[in-house]
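Report on the following structure.
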Amino acid sequence: MIKKNDIIICVIVAIFCIFSAALIFSLRGTPAKVIISQDNTILHKVSLYENREIKLPHNTVVIENGVVFISEADCKNQICVNTPKISKDGEQIICLPNRVIVEVSE
Amino acid sequence: MKTKRLALYSMLVVASLAFSYFETFIPTSALLPGFKLGLANLIILLLLSHDDIKGAFAVNATRIALASLLFGTPLSFLFSLLGGTLSTAIMFFAKRIKDVSYFGIGVLGGVAHNIGQLIMAVITFKTFSVLTLTPWLTLLGALCGAATGFIALLLTKNKHINKLFIK
Ligand SMILES: [Zn+2]
């Protein structure tokens, strides 16, 4: 009925499944984080995929559906509020007057 | 082509089309996108057991074309065609391996079918991220292929069924 090479085929397929699954899990990066810092100290480190609003003394940071932006700020130039929403690794929003940096990081 | 052969192919197309139709009622796609049981593989294995590679390709292509027209989409046609053709070709070559039964051939066919679908998905969606489905589609393809292969193994031992397929 079932022959010797049938077993070998099954073993090869099983090894392929385990190997490819292991490869995929190892390649899967850690979920992206949003790092908010002021004066070079990290105030918040939160997930990019959790919707929330973080109130800082001078700025309000909003995380919404995988994008981050500053919704309100008391700075004069309002550059941080007008900066386009960020979502990719390494992107930053900077509020120079308040020395706040919002950064997306893997 | 002999009339008798033509009648056999027509019967096999109808039988495999019935398998495909039956599969549309089983929500396997909810488990994994694009995943099907591949029961029609049984018909292909029976044709290959009598070394009828041309018949296997013809019956499979006809079934896929009809199934796509009746209850599929142009895109599902391309997916099935690549998967089915790759699977038939692999099983044809697997038959030449020594010391292998229809069980092992079925496993390779099931895996080849789903690998073919994955290649089509990479082409369609223009992203390699769909390849994360590889381990699961390979495993399920192997399990379904093993099941149809085992049934084919039993059927090829039946002399009444063999009589139908003899040229
Ligand atoms: Zn500002």
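Chain A is the first sequence line, chain B the second, and so forth, proteins listed ahead of strands; every chain is numbered from 1.
Closest non-hydrogen pair, Lys3(A) versus Asp99(B), comes out as CB-O, 3.3 Å. Closest approach of Val107(B) and Cys10(A) over heavy atoms only: CG2-SG, 4.3 Å. Between Cys17(A) and Leu139(B), the shortest heavy-atom contact is SG-N, 3.6 Å.
Other residues, nucleotides and ligands contribute more than 12 heavy atoms inside 6.0 Å of the CG atom of Asp39(A). Counting non-hydrogen atoms of other residues, nucleotides and ligands closer than 6.0 Å to CZ of Phe22(B) gives a total of 12 or fewer. Residue Leu143(B) places its CG atom among more than 12 non-hydrogen atoms of other residues, nucleotides or ligands, all under 6.0 Å distant.
Among Ile105(B), Val100(B), Leu153(B), Leu108(B), the single residue meeting the side-chain contact (heavy atoms from CB on, under 4.5 Å) criterion with Asp6(A) is Val100(B).
Side-chain contact between Phe103(B) and Met1(A) is absent, with no heavy-atom pair separated by less than 4.5 Å. Thr138(B) places none of its side-chain heavy atoms less than 4.5 Å from the side chain of Ser20(A).
Ile79(A) and Leu96(A) are members of different hydrophobic clusters when ILVMFWY side chains are connected at heavy-atom separations under 4.5 Å. When hydrophobic clusters are built by joining Ile, Leu, Val, Met, Phe, Trp and Tyr residues whose side-chain heavy atoms come closer than 4.5 Å, directly or via intermediates, Ile115(B) is grouped together with Ile123(B). Hydrophobic clustering keeps Val67(A) apart from Leu48(A) (ILVMFWY residues linked when any side-chain heavy atoms are closer than 4.5 Å, directly or through intermediates). No continuous path of ILVMFWY side-chain contacts below 4.5 Å connects Phe69(A) to Val102(A), so the two sit in separate hydrophobic clusters. With hydrophobic clusters built from ILVMFWY side chains whose heavy atoms lie under 4.5 angstrom apart, Leu66(B) shares a cluster with Ile43(B).
Residue Leu137(B): no heavy atom, backbone or side chain, is found under 4.5 Å from chain A. For Phe150(B), the part lying under 4.5 angstrom from a heavy atom of chain A is the side chain only. Heavy-atom distances place no part of Phe19(A) under 4.5 Å from chain B, backbone and side chain included.
Per-residue counts of heavy-atom pairs under 4.5 Å with chain B were compared for Val13(A), Ile18(A), Ile2(A), Leu23(A); the largest is that of Ile2(A).
Side-chain atoms of Asn5(A) do not come within 3.5 Å of backbone N or O of Ile97(B) as any donor-acceptor pair.
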